[in-house]
Amino acid sequence: MNENTFPEMLTIAKTAERSGLSEYAVRKLARSRQGRSFTVKLGTKYLINWGRFSAFFNCEAQEPMPDPCRRIRPVQIEGVGR
């Protein structure tokens, strides 16, 4: 059987508690451009990948997480409308 491993995802409150940072600081970082590498937004809730978050603070190089919205591009259709 193929066994998948999932990263440990924490809420902002749990991340703040574990890291010693304030919830405000974690939330602000999660919303920032730098936070894209370790944050996933589900509706209005942010989940933080603990492994990537701790690697960020240890200055370890990471590949950015793919942004699914960047893959969708508008397609020009000729002969429709005008």
Side-chain angles (χ1 to χ4, degrees):
M1 182 175 238
N2 186 8
E3 187 176 321
N4 292 324
T5 57
F6 291 97
E8 184 177 8
M9 303 300 284
L10 303 174
T11 61
I12 288 176
K14 292 285 185 185
T15 303
E17 182 181 319
R18 190 183 276 189
S19 66
L21 298 171
S22 68
E23 286 186 35
Y24 176 79
V26 174
R27 186 177 301 107
K28 191 166 183 165
L29 185 58
R31 291 178 177 170
S32 73
R33 174 171 252 163
Q34 296 167 329
R36 287 184 183 176
S37 64
F38 52 81
T39 305
V40 175
K41 185 176 180 186
L42 299 171
T44 59
K45 191 172 199 170
Y46 287 92
L47 293 177
I48 298 175
N49 181 323
W50 177 252
R52 287 179 172 259
F53 183 80
S54 59
F56 173 79
F57 280 98
N58 289 321
C59 300
E60 297 173 9
Q62 301 177 38
E63 292 181 25
M65 292 177 72
D67 186 1
C69 295
R70 291 186 183 176
R71 294 184 203 162
I72 300 172
R73 302 198 192 285
V75 177
Q76 297 293 329
I77 301 174
E78 296 180 23
V80 176
R82 296 182 184 187

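The basis for the numbers below is simple: all heavy atoms, side chains too, and nothing from hydrogens, waters or symmetry mates. Starting from 1, each residue takes its place in the sequence as its number.
Smallest separation of non-hydrogen atoms from Lys14 and Leu10: CB-CB, 4.1 Å. In plain terms, the two heavy atoms of Pro7 and Asn49 that are nearest each other are CB-ND2, 3.4 Å.
Here CE of Met9 is found 9.0 Å from OG1 of Thr15. Values are rounded to the nearest 0.5 Å. Atom CD of Glu23 and atom CD of Glu17 lie 9.0 Å apart (nearest 0.5 Å). Put simply, OG on Ser22 and CD1 on Ile12 are 10.5 Å apart, with the number rounded to the nearest 0.5 Å. Separation of atoms CG (Leu29) and CD (Gln34) is listed at 6.5 Å; rounding is to 0.5 Å. Rounding to the nearest 0.5 angstrom, the gap separating the CZ atom in Phe53 from the CZ atom in Arg18 is 11.0 Å.
Contact check for Ser19 versus Phe57: no side-chain heavy atoms found under the 4.5 Å cut-off.
Checked by atom type and distance alone, the side chain of Arg52 pairs as donor or acceptor with a backbone atom of Ser37 at under 3.5 Å. A donor-acceptor pair is defined here as one N or O able to donate and one able to accept, closer than 3.5 Å; no such pair exists between the side chain of Thr39 and the backbone of Arg36.
In this pair, Phe56 and Phe38 present their aromatic rings tilted. The plane angle is within the 30 to 60° band.
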